[in-house]
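Below is one structure, written out as structure tokens; comments come after it.
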Amino acid sequence: MLSSRRWRATAGFTLAIALLSTNGTAQPSTTRTPVAGPKGGNSPERLKKFMQDHIRQVDPKIDETTMFSFAFVDLNGDGKDEAIVYLTGRSWCGTGGCNTYVLTPDGESYRFVARVPATRTPIRALDKMSHGWHSITTVVREDATHIYEGELRFNGQKYPLGERPPAGRLPGRIVIPENLQQVPLFP
């Protein structure tokens, strides 16, 4: 059950030259949570620029075929949406899946709360909380026959890598769907 702190999410996607925020195709699972626009000064344009700058710092000659999807979700109940970003492309995916990032607003920029490789969609935000933050789930592929929905729990500072216990049917809602709409990260 959700605490008294309310959280909302929206999926946004870019189209053509400008980013346009939409309610996307995110579908609720077991919880009916209102959908609203991004809170706390977040914008699709600001998120896109942050991710472009970060990726260019990692590798200035990065594969510019990178695609991304994102959702704004208030994971910690502070009234400011965090951003969950799912990157795909040759530089970001392997046999286990692609990279997921969780970012929290930090002034006019963002701070990384998680960098999770080898993830698959759908990505859900759970009602369950750890250290005041909602857990999130991604699909995990351990091997060719063992695929499950794994839970990422906040540890007080970040969503750490490592063990992702099965989430089962914990209540929550899809914030980035399996049939995600992706847009180019670079123009």
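Residue numbers count from 1 along this sequence.
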Check: residues 88-95 side-chain donor-acceptor pairs under 3.5 Å, at least two apart:
unit_1, atom_1, unit_2, atom_2, d
Thr88, OG1, Gln182, OE1, 3.1
Thr88, OG1, Gln182, NE2, 2.9
Arg90, NH2, Asp63, OD1, 3.1
Trp92, NE1, Thr66, OG1, 2.8

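- Cluster annotation: Leu180 and Met67 are assigned to distinct hydrophobic clusters (Ile/Leu/Val/Met/Phe/Trp/Tyr, side-chain heavy-atom contacts under 4.5 Å, transitive).
- Of the possible donor and acceptor atoms, one in the side chain of Tyr148 sits under 3.5 Å from a partner among the backbone N and O of Arg164.
- Side chains of Ser135 and Met129 form no contact here, defined as non-hydrogen atoms less than 4.5 Å apart.
- In this structure, the separation between CG on Asn42 and CG on Leu47 is 7.5 Å, given to the nearest 0.5 Å.
- In plain terms, the two heavy atoms of Lys80 and Pro105 that are nearest each other are CB-CG, 4.2 Å.
- Looking at His131 and Arg153, their side chains never come closer than 4.5 Å, going by heavy atoms from C-beta outward.
- Looking only at distances, a side-chain donor or acceptor of Asp74 sits under 3.5 Å from a matching main-chain atom of Gly77.
- When every heavy atom of Pro171 is checked against every heavy atom of Arg124, the shortest pair comes out as C-NH1, 4.1 Å.
- Nearest heavy-atom pair across Asn99 and Pro117 is OD1-CA, 3.0 Å.
- Looking at heavy atoms from C-beta onward, Ile84 lies out of side-chain contact with Tyr101 at the 4.5 angstrom threshold.
- Using a distance-only test at 3.5 Å, with no hydrogens or angles considered, a donor-acceptor pair links the side chain of Arg120 to the main chain of Gly96.
- Thr137 contributes no side-chain N or O that, together with a main-chain N or O of Ile123, makes up a donor-acceptor pair within less than 3.5 Å.
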Self-check item: Steps toward side-chain contact (heavy atoms from CB on, under 4.5 Å) verdict (Lys158, Arg115)
Solution: CA-CA 9 Å; Lys158 62 183 179 177; Arg115 295 178 188 138; over 6 Å; no
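- Shortest non-hydrogen contact noted between Leu170 and Glu151 is CD1-OE1, 3.8 Å.
- Using a 4.5 Å cut-off on side-chain heavy atoms (C-beta onward), Lys48 and Val183 make no contact.
- Contact check for Val175 versus Ile136: no side-chain heavy atoms found under the 4.5 Å cut-off.
- The shortest non-hydrogen separation linking Cys98 to Tyr86 is CB-OH, 3.6 Å.
- The main-chain N or O of Arg111 is never found under 3.5 Å from a side-chain atom of Asp106 such that the two would form a donor-acceptor pair.
- Heavy atoms only, all atoms of each residue included: Leu185 and Met51 are closest at CD1-CB, 4.0 Å.
- Contact check for Ile147 versus Val139: side-chain heavy atoms found under the 4.5 Å cut-off.
- By the 4.5 Å heavy-atom criterion applied to side chains, His134 and Leu75 are counted as neighbours.
- Note on Val140: it does not cluster hydrophobically with Ile174, by side-chain heavy-atom contacts below 4.5 Å among ILVMFWY residues.
- Rounded to the nearest 0.5 Å, atoms CD (Glu149) and CZ (Arg169) are 6.5 Å apart.
- Using a 4.5 Å heavy-atom cutoff, the side chains of Thr100 and Tyr159 are not in contact.
- In this structure, CD1 in Ile176 is found 6.0 Å from OG in Ser69, a value given to the nearest 0.5 Å.
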Quiz item: When you look at Glu178 and Thr121, which way does the side chain to side chain donor-acceptor pair (under 3.5 Å) test go after all the steps?
Solution: CA-CA 5 Å; Glu178 186 172 8; Thr121 57; 5.9 Å; no
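- Formation of a donor-acceptor pair under 3.5 Å by the Ser130 side chain with backbone atoms of Phe154 is found in this model.
- Annotation: Phe112 is not in aromatic contact with Tyr110 [ring centroid separation under 6.0 Å not met].
- Between Phe68 and Phe70, the ring planes lie parallel to each other; the angle is under 30°, not in the 30° to 60° tilted range.
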